[in-house]
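Quick caveat, the model's predicted, so the values are computed rather than measured. Just so it is clear: chains get the letters A, B, ... in the order the sequence lines come, proteins before strands, and each one is counted from 1.
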Amino acid sequence: MTVQTAIPEGFEPLGRHSLPDGTTELARFLMGKLVVRALPAGLAAGRIVETEAYLTGDAASHAFRGMTARNRVMFGPKGHAYVYLIYGMYFALNVSGAAEGAGEAVLIRAAEPVLGAGAMARYRGEVPERDLMRGPGRLAMALDIDRSLDGTDLCAAGPLWLAGGGGEPQEIGVSTRIGISRDAHRPLRFFAKGSRYVSGPASLNR
DNA sequence: AACATGATGATCT
DNA sequence: GATCATCATGTTC
């Protein structure tokens, strides 16, 4: 009989077949799902409350000028982690979304801590619980995510994966994306209306 | 609540 | 050499 770390009910990895085709659909689908991380101190998880889609032909996308060493995961099979360094100090977690061969991904911008907030504080410091995962850089810090997790299969129990979540359905708002200049008008950001755990200016979150 | 600024380094032109 | 899919801290309203 195999002994294995127990995964609590509801935190089991999503099957890849359950991920919708289409990266914009994936960005909507991931709202309310869980990001789960196996940390030395135990499992940590957050309920996703904010995502952004980066699509083919999208000048704001890292894949706009084709595949490079950095963005290669965006061109691989869906449901894998694309992790990159931004502004020289922070990491950001994306989920690859396109059919194999095209380069698309969903940026996970913010989440509501649901498990292991104490473990997250080890990497985030003494900040309000609300701010643990509010923003892509903060979320990556809270879950100790860096480039070593680039390419991780998010549909399998490992260091990092996606789970079903559940809980109350969220009302989803749509807005322009944050922090970009090219193709900035496109309505490709999704957020949980009324959630305190969403990042960005209040004016975008209505 | 809104805005300004500095930190800091890989990546690509 | 310019450009960032950001954050923390500061100032001003």
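Atom P of nucleotide dC12(B) and atom CZ of R72(A) are separated by 12 Å, given to the nearest angstrom. In this structure, I178(A) atom CD1 and dA2(B) atom P are separated by 13 Å, rounded to whole Å. Atom CZ in R70(A) sits roughly 11 Å away from atom P in dC4(C) (whole-Å rounding). We find that CZ of F91(A) is positioned 10 Å from P of dA10(B), with the value rounded to whole Å. Atoms CD (E50(A)) and C1' (dA5(C)) sit 11 Å apart, rounded to a whole Å. Atom-to-atom, CE of M67(A) to C1' of dC12(B) comes out at 16 Å; the value is rounded to the nearest Å. Residue I86(A) contributes atom CD1, which lies 16 Å from atom C1' of dG6(B) at whole-angstrom precision. Distance CG (D146(A)) to C1' (dA10(B)): 14 Å, rounded to an integer number of Å.
In this structure, S61(A) does not reach the dA5(C) phosphate: none of its side-chain N or O atoms is under 4.0 Å from OP1 or OP2.
Residue-level contact check: R189(A) touches neither bases nor backbone, having no heavy atom under 4.0 Å from any strand. Within 4.0 Å (heavy atoms only), R177(A) reaches no atom of the nucleic acid at all. Among the heavy atoms of the strands, none lies under 4.0 Å from S203(A). The residue L107(A) sits close to a base: some heavy atom pair falls under 4.0 Å. Using a 4.0 Å heavy-atom distance criterion, A92(A) is classed as making no nucleic acid contact. Residue contacts shown for G88(A) include a base, since a base heavy atom lies under 4.0 Å away.
For L85(A), whose side chain is taken as the heavy atoms from C-beta onward, the closest listed nucleotide among dA10(B), dC4(C), dT6(C) is dA10(B). Nearest to the side chain of R138(A), among dA10(B), dC4(C), dA8(C), sits dA8(C). Between dA5(C), dT13(B), dC4(C), one nucleotide has an atom nearer to the side chain of Y82(A) than all others, and that is dA5(C).
When each of M89(A) and R147(A) is assigned the nucleotide of DNA chain B bearing its nearest heavy atom, the one mapping closer to the 5' terminus is M89(A). Judged by closest nucleotide on DNA chain C, H62(A) is the one of D131(A) and H62(A) placed further toward the 5' end.
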Side-chain atoms of residues 18-31 of chain A: list all donor-acceptor pairs with protein atoms under 3.5 Å, sequence neighbours left out, distances to 0.1 Å.
unit_1: S18(A); atom_1: OG; unit_2: G15(A); atom_2: O; d: 2.6
unit_1: D21(A); atom_1: OD1; unit_2: K78(A); atom_2: NZ; d: 2.9
unit_1: T23(A); atom_1: OG1; unit_2: E104(A); atom_2: OE1; d: 2.6

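You won't find any donor-acceptor pair under 3.5 Å spanning the side chain of Y87(A) and the base of dA7(B), going by distance alone.
Between L139(A) and R124(A) there is no side-chain heavy-atom pair separated by less than 4.5 Å.
Here the CG-CZ distance, from D144(A) to R122(A), works out to 9.5 Å after rounding to the nearest 0.5 Å.
Checking R189(A) against N205(A) by side-chain atom types alone, a donor-acceptor pair falls below 3.5 Å.
Cation-pi contact between R177(A) and Y54(A): present, with separation from the ring centre below 6.0 Å and deviation from the ring axis of at most 45°.
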TODO: Show your working on side-chain hydrogen bond (donor to acceptor under 3.5 Å, both in side chains) between S199(A) and R109(A) and close with a plain yes or no.
DONE: CA-CA 7 Å; S199(A) 78; R109(A) 285 197 56 92; 3.3 Å; yes
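The partner of dG9(B) is dC4(C), by the rule that a Watson-Crick or G-U pair needs both atom distances under 3.5 Å.
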